[in-house]
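Report on the structure given below.
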Amino acid sequence: MGIRVAQTIVHPEMLDYISLGNDWLAATLLFFMLAEWNNPGTLGGMSVSDKLAASWFHAVTPRTAGFNVVDMSALSLPTSLFYLLLMFIGAGTNSTGSGIKVTTFMVLLATRAFLRGGPCR
């Protein structure tokens, strides 16, 4: 039920965690929209279509280019902290974005689960 590598079984479910780019994007989009929807300094004064477009843009850019379309100094504290986490993790493996890369982050999570006796055992 998995791939045997050097006496360690890697379950297919674990491999799914490495390819969660779309889930990261969706989670970032929802988080930004929920946290900033009524913030007058960011999305509050925009139309619904502009809010959706700005939220989409801000879901993509923290891990790659770092561009912005809203005033970053007006972001709420949770959004700022979430952005810092995204910038620390960075982009995908073959990307030129900075950070430790999504794959490295997922390997760190898998290693932590393994050491705690989680789903890898």
Side-chain angles (χ1 to χ4, degrees):
M1 289 304 258
I3 303 166
R4 191 169 279 290
V5 179
Q7 301 300 324
T8 302
I9 295 177
V10 179
H11 293 281
E13 296 87 13
M14 243 3 235
L15 296 175
D16 289 345
Y17 290 117
I18 295 173
S19 61
L20 291 177
N22 290 335
D23 292 342
W24 281 99
L25 186 62
T28 306
L29 174 70
L30 287 174
F31 184 86
F32 188 81
M33 282 191 330
L34 292 174
E36 301 298 326
W37 192 265
N38 293 320
N39 184 346
T42 57
L43 298 180
M46 298 181 180
S47 67
V48 173
S49 61
D50 287 344
K51 287 180 181 183
L52 292 173
S55 296
W56 174 259
F57 187 80
H58 279 274
V60 174
T61 57
R63 295 178 298 144
T64 57
F67 298 124
N68 60 326
V69 293
V70 298
D71 182 10
M72 297 299 279
S73 65
L75 292 176
S76 64
L77 182 60
T79 306
S80 295
L81 293 175
F82 189 63
Y83 268 32
L84 286 174
L85 174 68
L86 289 175
M87 288 186 278
F88 173 73
I89 294 170
T93 304
N94 292 329
S95 174
T96 58
S98 64
I100 64 169
K101 305 295 182 196
V102 174
T103 347
T104 305
F105 180 70
M106 298 314 291
V107 168
L108 289 173
L109 290 181
T111 302
R112 180 176 177 254
F114 175 77
L115 293 174
R116 297 182 82 193
C120 289
R121 275 202 165 165

Under 3.5 Å, which donor-acceptor pairs link side chains of residues 25-36 to any protein atom two or more places apart or in another chain?
from, atom 1, to, atom 2, distance (Å)
T28, OG1, W24, O, 2.7
E36, OE1, N39, ND2, 2.7
E36, OE1, T42, OG1, 2.8
E36, OE2, S76, N, 3.0
E36, OE2, S76, OG, 2.8
E36, OE2, T79, OG1, 2.6

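- The OG1 atom of T61 lies 5.5 Å from the OH atom of Y83; values are rounded to the nearest 0.5 Å.
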Kindly indicate, with the supporting measurements, whether the criterion side-chain contact (heavy atoms from CB on, under 4.5 Å) is fulfilled by F105 and F88.
CA-CA 9 Å; F105 180 70; F88 173 73; 5.5 Å; no

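- By the side-chain hydrogen bond (donor to acceptor under 3.5 Å, both in side chains) test, S49 is found to be paired with S47, residues two or more places apart in sequence or in another chain being considered.
- Among residues two or more places apart in sequence or in another chain, the side-chain hydrogen bond (donor to acceptor under 3.5 Å, both in side chains) test is passed with N38 by none.
- Closest of all the heavy-atom pairs between A54 and V69 is CB-CG2, 3.8 Å.
- Here the shortest heavy-atom pairing between M46 and K51 reads O-CE, 3.3 Å.
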Tell me, with the steps shown, if L81 and L85 meet side-chain contact (heavy atoms from CB on, under 4.5 Å).
CA-CA 6 Å; L81 293 175; L85 174 68; over 6 Å; no

